[in-house]
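Working notes for the structure below.
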2 protein chains.
Amino acid sequence: MKQFRAAEIPIMKRLQIGEVAQKAGVSVDTVRYYERRQLIDEPPRRASGYRQYAPRVIGRIRFIKQAQKLGFTLGDIEELLRLRDAPNTDCSDMLDRAEAKLVEIEEKIAALSDMKSTLEELVDQCRRSQQGSDSECPILDAMEKGDAS
Amino acid sequence: MKQFRAAEIPIMKRLQIGEVAQKAGVSVDTVRYYERRQLIDEPPRRASGYRQYAPRVIGRIRFIKQAQKLGFTLGDIEELLRLRDAPNTDCSDMLDRAEAKLVEIEEKIAALSDMKSTLEELVDQCRRSQQGSDSECPILDAMEKGDAS
DNA sequence: CTTGACTCTGGAGTATGCTCAAGGGTTTAT
DNA sequence: ATAAACCCTTGAGCATACTCCAGAGTCAAG
C-alpha cells in the first residue's frame with residue numbers, strides 16, 4: 001500500500017484531447033485516429049461531448065510512437081499493445097516480435113544495398129564515359145538492356 | 001542508311017496488349033495503367049477497339065521496370081523517360097538523377113540501420129534478462145520511457 | 001457455327017498513416 | 001457579453017503502384 005505525503009497525493013485529473021495530443025507529441029486528429037483504430041480506448045465524455053482522458057493515455061501514445069520509430073506498423077503495434085496490457089507478459093513474446101522485425105529490417109537494408117551498388121556502378125561508368133568522347137549513356141543503356149538487375 | 005539482307009528485312013508487326021504484357025513481363029492491367037499514367041503512349045486501335053502496339057513499347061516498359069528496381073518511383077521515371085526520349089540527351093542529366101537517388105537510398109539505409117541497432121540492443125537486453133530472475137521486460141520499458149530513440 | 005480466350009471501359013479497392021473538409025457546438029479568458 | 005480557441009462528427013483525400021470488378025464485345029481455332 002503506497003503511502004503519500006500530503007503534497008504527493010495524486011489528483012485524478014482528466015485531460016482534454018488538445019492537452020493529450022500536445023503532451024504525447026501528436027496531432028488531435030491523430031489521437032482520434034488512434035481511437036478509431038482502437039489503439040486507445042474511447043474515454044468518457046462531458047455533457048458537451050468533449051473527451052476526458054486519463055493521463056496514462058499519454059504514455060500509451062508515446063509507446064505507439066516509439067514502436068513506430070523501430071519500424072513497427074500500427075498493425076504490428078496492435079499486437080504489442082496487447083502484450084503490454086496482458087497481466088502476465090514476459091519478455092519472450094516481445095523478444096519474438098523484435099527479432100522478427102529485425103529480420104525484416106535486415107532484408108530491407110539488403111535490398112537497398114543492392115540498389116545502391118548498382119547505382120554506384122552506373123554512376124561510375126557515367127563519369128568515366130564523360131571523360132572520353134563517348135556520347136552514349138551507360139545508365140540509359142543499362143536500363144534498356146536489363147543489365148542493371 | 002542501314003542495309004538489310006533479305007532475311008533481315010524488319011516487318012512492321014503490330015502487337016496486341018497480351019503479347020506486349022507477356023514479353024515485357026507485366027500484366028495487361030499494368031500496361032493499361034502505364035498508358036493511363038502516360039508512361040507509354042496510347043497506340044492506334046483496330047475497329048474493334050483493340051490496341052495495336054509497335055514492338056518498341058516492350059523496351060520502354062522494360063526500361064520502366066529496370067528503373068523501378070533501382071528505387072525510382074513512377075513519378076521519377078516519368079522524368080527519366082523524358083530524358084530517354086530527348087534527341088540530345090547526354091549522360092549528365094541521368095547522372096544527376098542517379099546520384100540523387102543514391103543519396104535517398106543511403107539515407108534510407110541509415111535510418112534502417114539505426115532501427116536495427118536499437119532493436120539489436122533491446123533483443124540483447126531481453127535475452128540477458130531472461131537468464132536472470134528479473135521479470136521485467138527491457139523492450140516494454142524502453143518503449144514506455146522513450147529510451148529506444 | 002461454337003466456345004474459350006482475349007479484348008474493352010471506368011471506377012473502386014488494397015494497404016499505410018495520417019490529414020483535411022464542412023459545418024456546427026462549447027469553453028475559456030477578457 | 002464577446003470572440004477566439006477549442007471541441008465534435010463522418011467521410012473523403014493524399015501518395016504509391018498496381019489489381020480487381022462488372023458486364024459486354026471480339027477473335028481465333030476447332
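Proteins get letters first, then strands, A, B, ... in listed order; numbering begins at 1 in each. All values derive from a computational prediction rather than experimental measurement.
- Atom pair R46(A):CZ and dC8(D):P shows a separation of 10 Å (rounding to whole Å applied).
- In this entry the distance linking CG of D29(B) with C1' of dT19(D) reads 6 Å, nearest Å.
- Counting any heavy atom pair closer than 4.0 Å across all strands shown, R32(B) reaches a base atom.
- The side chain of R51(A) places an N or O atom within less than 4.0 Å of a non-bridging phosphate oxygen (OP1 or OP2) of dC8(D).
- Which of dC20(D), dC27(D), dT10(D) sits closest to the side chain of R36(A) comes down to dT10(D).
- Take the nearest nucleotide of DNA chain C for Q16(A) and for S48(B): the residue whose nucleotide is more 5' is S48(B).
- Checking each of V57(A), I40(A), D41(A) against Y34(A) for a side-chain contact (heavy atoms from CB on, under 4.5 Å) leaves exactly one that passes, namely I40(A).
- Residues S117(B) and D114(B) have side chains that never bring a donor and an acceptor to within less than 3.5 angstrom of each other.
- Using a 4.0 Å cut-off on heavy atoms, none of the residues of residues 110-117 of chain B approach DNA chain D.
- When side chains are defined from C-beta on, K101(B) does not count as touching L70(B), because their heavy atoms never get closer than 4.5 Å.
- Rounded to an integer number of Å, the gap from Y34(B) OH to dT19(D) P is 9 Å.
- Residues M115(A) and E104(B) form no side-chain contact, since every pair of their non-hydrogen atoms from C-beta on lies 4.5 Å or further apart.
- In this structure a side-chain-to-backbone donor-acceptor pair under 3.5 Å is missing from R97(B) to I77(B).
- Side-chain N/O atoms of T30(B) include none lying less than 4.0 angstrom from OP1 or OP2 on dA17(D).
- A 4.0 Å heavy-atom criterion places the boundary nucleotides of DNA chain C facing chain B at dC6(C) to dT9(C), written 5' to 3'.
- At whole-Å resolution of the value, CD1 in I40(B) and C1' in dA17(D) are 15 Å apart.
- Geometric assessment of R84(A) against the ring of F63(A) yields a positive cation-pi assignment under the 6.0 Å and 45° thresholds.
- Positionally, the nearest nucleotide of DNA chain D for F72(B) lies more toward the 5' end than for the other of F72(B) and A47(B).
- Q22(A) places its CD atom 10 Å from the P atom of dC6(D), with the value rounded to the nearest Å.
- Side-chain contact between E107(A) and V103(A) is present, with at least one heavy-atom pair separated by less than 4.5 Å.
- Spacing between atom CZ of R45(B) and atom C1' of dC27(D) amounts to 16 Å, rounded to whole angstrom units.
- Atom CD in Q38(B) sits about 17 Å away from atom P in dC18(D), given to the nearest Å.
- A continuous path of ILVMFWY side-chain contacts below 4.5 Å connects M143(B) to L81(A), so both sit in one hydrophobic cluster.
- Formation of a donor-acceptor pair under 3.5 Å by the D76(B) side chain with backbone atoms of T73(B) is found in this model.
- The separation between K108(B) atom NZ and dT16(D) atom P is 12 Å, rounded to whole Å.
- Using a 4.5 Å heavy-atom threshold, the side chains of L15(A) and I58(A) count as touching.
- For Y50(B) against dC27(D), a side-chain-to-base donor-acceptor contact under 3.5 Å is absent.
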